[in-house]
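Keep in mind that what you see is a predicted model, and the values were worked out from it rather than measured.
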Amino acid sequence: QVQLVESGGGLVQAGGSLRLSCAASGTIFSNNAMAWYRQAPGKQRELVAAILSGNSGGFTKYADSVKGRFTISRDNAKNTVLLQMNSLTPEDTAVYYCNLQYVSRWGVFPAEGRQGYWGQGTQVTVSS
């Protein structure tokens with residue numbers, strides 16, 4: 001069983017920064033992808049950023065809406081993933097969820113969706 005615990009959400013003014021952290025525990029195989037999704041009220045959950053483990057290539061990908069503002073990183077030894085969020089806008093307000101999925105092919109991200117393991121979510125609120 002894999003457990004994911006997020007931290008770091010909160011309230012920030014537009015233009016500010018926050019850093020989210022997610023720690024994974026349990027039996028975790030090294031070929032995985034960790035990601036951040038978010039869900040705003042009345043909207044579908046969307047992928048924000050994802051990163052492959054070092055054994056799977058270490059690549060990253062971002063939603064167009066956060067490119068240049070958000071940075072995802074991970075510590076493979078500790079199974080933690082960080083999301084540094086800069087230049088936040090009210091449109092970034094959402095519940096942010098950590099996700100872990102296993103990778104079947106080197107360098108290839110798993111399909112986006114509701115598969116894998118999920119954290120409980122952390123609220124990010126950006127005031128204007």
### Message
Run the side chain to side chain donor-acceptor pair (under 3.5 Å) test against Gln115 and tell me which residues pass, sequence neighbours left out.
### Response
none

### Task
Taking ring-ring contact (aromatic ring centres under 6.0 Å, His included) as the test, write out the residues that go with Tyr96, two or more places apart.
none

#### Entry: Check: Leu11 and Gln123 side chains under 4.5 Å, non-hydrogen atoms
no

## Note on the structure
Residues pairing under ring pair (Phe, Tyr, Trp, His ring centres under 6.0 Å) where one sits in residues 65-85, two or more places apart or in two chains, turn out to be none

### Contacts of Ser87 that satisfy side chain to side chain donor-acceptor pair (under 3.5 Å) - sequence neighbours left out
none

### Task
Indicate, with yes or no, if Val95 and Leu4 share a hydrophobic cluster defined by side-chain heavy-atom contacts under 4.5 Å among Ile, Leu, Val, Met, Phe, Trp and Tyr.
no

### Query
Is Ile51 linked to Val2 within one hydrophobic cluster, defined over Ile, Leu, Val, Met, Phe, Trp and Tyr using a side-chain heavy-atom separation of less than 4.5 Å?
yes

### Task
State which residues pass side chain to side chain donor-acceptor pair (under 3.5 Å) with Gln3; sequence neighbours excluded, sorted by chain then number.
none

### Task
Say whether, by atom type as modelled, one donor and one acceptor occur between the side chain of Tyr62 and the main chain of Arg69 under 3.5 angstrom.
no

### Task
Flag yes if Phe109 and Ile72 sit in one hydrophobic cluster, no otherwise; membership is Ile, Leu, Val, Met, Phe, Trp, Tyr, and two members link when side-chain heavy atoms are under 4.5 Å apart.
no

### Message
Give me the atom names and distance for the closest heavy-atom approach of Gly8 to Leu18.
### Response
O-CD2, 3.9 Å

Considering only distance and modelled atom types, tabulate donor-acceptor pairs under 3.5 Å from the side chains of residues 39-48, sequence neighbours left out.
unit_1	atom_1	unit_2	atom_2	d
Gln39	NE2	Lys43	O	3.1
Glu46	OE2	Arg38	NE	2.7
Glu46	OE2	Arg38	NH2	3.3

### Message
For a side-chain contact (heavy atoms from CB on, under 4.5 Å) check, start with the C-alpha distance between Asp92 and Met85, then their side-chain angles and the critical distance, and finish with the verdict.
### Response
CA-CA 9 Å; Asp92 296 314; Met85 305 185 294; over 6 Å; no

### Summary
Tightest non-hydrogen contact, residues Pro110 and Gln101, listed as CB-OE1, 3.5 Å

Using distance only, find each side-chain donor-acceptor pair of residues 26-36 under 3.5 Å and give its atom names and separation, not counting sequence neighbours.
unit_1	atom_1	unit_2	atom_2	d
Ser30	OG	Asn55	ND2	2.7
Asn31	ND2	Val103	O	2.8
Asn32	OD1	Arg74	NH1	3.1
Asn32	OD1	Arg74	NH2	2.7
Asn32	ND2	Phe29	O	2.8

### Task
Please name all residues satisfying salt bridge (charged side-chain N to carboxylate O under 4.0 Å, His left out) with Lys67, sequence neighbours left out, ordered by chain then number.
Asp64

### Task
Report the distance from atom OH of Tyr117 to atom CD of Gln1, rounding to the nearest 0.5 Å.
6.0 Å

### With Arg19 via salt bridge (charged side-chain N to carboxylate O under 4.0 Å, His left out) - residues at least two apart
none

### Query
Is a side-chain N or O of Asn86 found less than 3.5 angstrom from the main chain of Gly16, in a donor-acceptor match?
no

### Query
With the 4.5 Å side-chain cut-off for hydrophobic clustering, are Tyr97 and Leu83 part of the same group?
no

### Query
Taking atom CZ of Phe59 and atom CG of Leu52, what is their separation to the nearest 0.5 Å?
7.0 Å

### Those residues that, when tested against Ser56, pass side chain to side chain donor-acceptor pair (under 3.5 Å) (two or more places apart)
Ser53

### Query
Counting only N and O atoms by type, is there a donor-acceptor contact under 3.5 Å from the side chain of Glu6 to the main-chain atoms of Cys22?
no

### Task
Return each pair, listed once, that meets salt bridge (Lys or Arg N to Asp or Glu O under 4.0 Å) where at least one residue sits in residues 109-126; pairs must be two or more places apart or across chains.
Lys61-Glu112

### Task
Can you sort out the partners of Ala14 under side chain to side chain contact (heavy atoms under 4.5 Å, CB included), two or more places apart, ordered by chain and number?
Pro90, Val126

